[in-house]
Amino acid sequence: MTHGMIARTPGGPEVLVWSGLPDRAPGPGEALVRHTAIGVNFIDIYYRSGLYPWPETPLVPGAEAAGVIEALGPGVTDLSPGQAVAYVIPTGAYRQTRVVPADRLVPLPAGISGETAAAAMLKGLTAQYLVTACYKVAPGDTILVHAAAGGVGLILGQWLRALGATAIGTAGGPDKVALARAHGYAHVIDYTVGEFAPQVMEVTGGRGCDAVFDSVGASTWRGSLSVLRRRGSFVNFGQSSGMIAGFALSDLAKGSLIAMRPVLFDYIAERSELLERAADLFARIGAGQVVLDTVARVPLREVAGLHADMEARRTVGAAVLTT
Ligand code: NDP
């Protein structure tokens, strides 16, 4: 029997418990994958806490993992047993083995380890679609990113630098500020001391930013809108500090702003798009433009402590669970 971490009711990190889980052979179009590393993301907390509705009860959280194909169901012709793969699916990854729809599996190129893939798939594909599809970043752009020392944040800073943009970050505390600075951000503001908006305007010489990638939500959105240049883009892709409340379409009238609330899964729904975006991500990693040098390793059984640390803003960069 395979094992994993499940939650029977929504709640705090303590609802996560180790449990035996049913095994089955892969059916048509499916693959059985033995996980070697599982990524941990803030979305896992949204599901565990009940902020996002559960697809099934009990819930197995976990949105990204890497592993090795153990068996293939009928009709899967483009993958083979023994192949190293990774995937992004909203829930279900906190377990040792798993049957996965084969069309969600991305073969890992040589040089990309399972640990790197598990740390980078969801967070890196997010950075990829944000800078290519939500606001197409061009050389010379100035972009603000909140939670710059977080999992997505450290990848975004490096990616923006590689694209020739000036990345401004916000982060909570001096250690996080220093880490973000070392990962592509030209300027980093500690937004736990004072307002970030006046500092952003000062750094940009009063012009404002071309786009803001805001995953913090409740505590940042108003400031984010205020630091955009005329016709700038507000891209809200998360709510680590809580859901945005009180937003009105008329808030965009000052400067004819653009606002959007994108979700990764809508940008990788087609297999061809998933493979294209993953190829871009792995190429950036392969070229050394995006380096994952702060990945923390935690045993799958101890993931509850990691959730508590993430919610208390004690983590930096990405973490992977070992099986
Ligand atoms: P992070 O590692 O970035 O962790 C969240 C960070 O948010 C914290 O470390 C903290 O950094 C900051 N934060 C600010 N206020 C709070 C608060 N009140 N409570 C907790 N954290 C706070 O997480 P991930 O890299 O996993 O994800 C980043 C964000 O991106 C999440 O909101 C996630 O949901 C979103 N996301 C969205 C996707 C999409 O397609 N829409 C896909 C992937 C991720 P600091 O201390 O520096 O403020």
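Values below: every heavy atom of this structure, side chains too, minus hydrogens, waters and symmetry copies. Quantities reported herein were computed from a predicted structural model and do not represent experimental measurements. Just so you know, ligand 1 is whichever comes first in the structure, and atom 1 is the first atom listed for that ligand.
- Atom CZ of Arg24 has more than 12 heavy atoms from other residues, nucleotides or ligands within 6.0 Å.
- Under the side chain to side chain contact (heavy atoms under 4.5 Å, CB included) test applied with Phe213, the options Thr126, Ile143, Asn236 reduce to a single match, Ile143.
- Atoms of ligand 1 found under 4.0 Å from any heavy atom of Glu311 (numbered from 1 in listed order, with element): 19 (N), 20 (C).
- Residue contacts with ligand 1: Gly172 is placed with a nitrogen or oxygen under 3.5 Å of a nitrogen or oxygen of the ligand (distance criterion only).
- Looking from atom 3 (O) of ligand 1 to the surrounding protein, the closest heavy atom is Gly150 CA, 3.5 Å.
- For the residue pair Tyr129 and Asp266, no side-chain donor N or O sits within less than 3.5 Å of a side-chain acceptor on the partner.
- Checked options Asp44, Leu321, Thr322, Val303; the residue passing with Ile38 is Leu321 (criterion: side chain to side chain contact (heavy atoms under 4.5 Å, CB included)).
- Nearest non-hydrogen protein atom to atom 6 (C) of ligand 1 is Ala147 CB, 3.9 Å.
- Considering backbone and side-chain atoms alike, Leu264 places an N or O below 3.5 Å from some N or O of ligand 1.
- The environment of Glu195 atom CD is sparse: at most 12 non-hydrogen atoms of other residues, nucleotides or ligands sit within 6.0 angstrom.
- At a 3.5 angstrom cut-off on N or O pairs, Phe42 counts as close to ligand 1.
- Remark: ligand 1 and Ser241 share no N or O pair separated by less than 3.5 Å (distance only, no angle test).
- More than 12 heavy atoms of other residues, nucleotides or ligands sit less than 6.0 Å from atom CZ of Arg314.
- With His146, Arg314, Lys176, Arg313 as candidates, the residue nearest to atom 20 (C) of ligand 1 on a non-hydrogen basis is Arg313.
- Set against the non-hydrogen atoms of Arg261, the atoms of ligand 1 under 4.0 Å away are 41 (N).
- For the pair Gly151 and ligand 1, the shortest N or O to N or O distance falls below 3.5 Å.
- The closest side-chain heavy-atom distance from Tyr191 to Ser219 is not below 4.5 Å.
- Looking only at protein heavy atoms, the nearest one to atom 17 (C) of ligand 1 is Ser240 O, 3.4 Å.
- For ligand 1, the atoms sitting less than 4.0 Å from at least one non-hydrogen atom of Gly238 are 32 (O), numbered in the order shown with element in parentheses.
- Checking Thr192 against Arg313 by side-chain atom types alone, no donor-acceptor pair falls below 3.5 Å.
- Using modelled atom types and a 3.5 Å distance limit, the side chains of Thr315 and Asp309 yield no donor-acceptor pair.
- Ligand 1 has a nitrogen or oxygen under 3.5 angstrom from a nitrogen or oxygen of Pro262.
- The closest side-chain donor-acceptor pair between Thr97 and His35, if any, does not fall under 3.5 angstrom.
- A donor and an acceptor atom, one from each side chain of Arg48 and His307, are located under 3.5 Å apart.
- Among protein heavy atoms, atom 44 (C) of ligand 1 sits closest to Val152 CG2, 4.0 Å.
- Residue Val263 places no N or O, backbone or side chain, under 3.5 Å from any N or O of ligand 1.
- Heavy-atom proximity to Val216, at under 4.0 Å, picks out these atoms of ligand 1: 14 (C), 15 (N).
- Of all the atoms in ligand 1, the ones that sit under 4.0 Å from a non-hydrogen atom of Leu122 are 42 (C), 43 (C).
- Checking only distances, Tyr46 does come within under 3.5 Å of ligand 1, N or O to N or O.
- The N/O atoms of Tyr191, backbone and side chain alike, include one that comes under 3.5 Å of an N/O atom in ligand 1.
- Of the possible polar contacts, none joining the Lys254 side chain to the Ser226 backbone as a donor-acceptor pair under 3.5 Å is found.
- Ion pairing between a basic and an acidic side chain is recognised when a charged N comes within 4.0 Å of a carboxylate O; Arg230 and Asp210 show no such pairing.
- With a heavy-atom cut-off of 4.0 Å, Thr126 touches ligand 1 through its side chain alone.
- Of the listed residues (Phe237, Tyr129, Phe265), the one carrying the non-hydrogen atom nearest atom 40 (O) of ligand 1 is Tyr129.
- Atoms of ligand 1 found under 4.0 Å from any heavy atom of Gln239, numbered from 1 in the order shown, are 32 (O).
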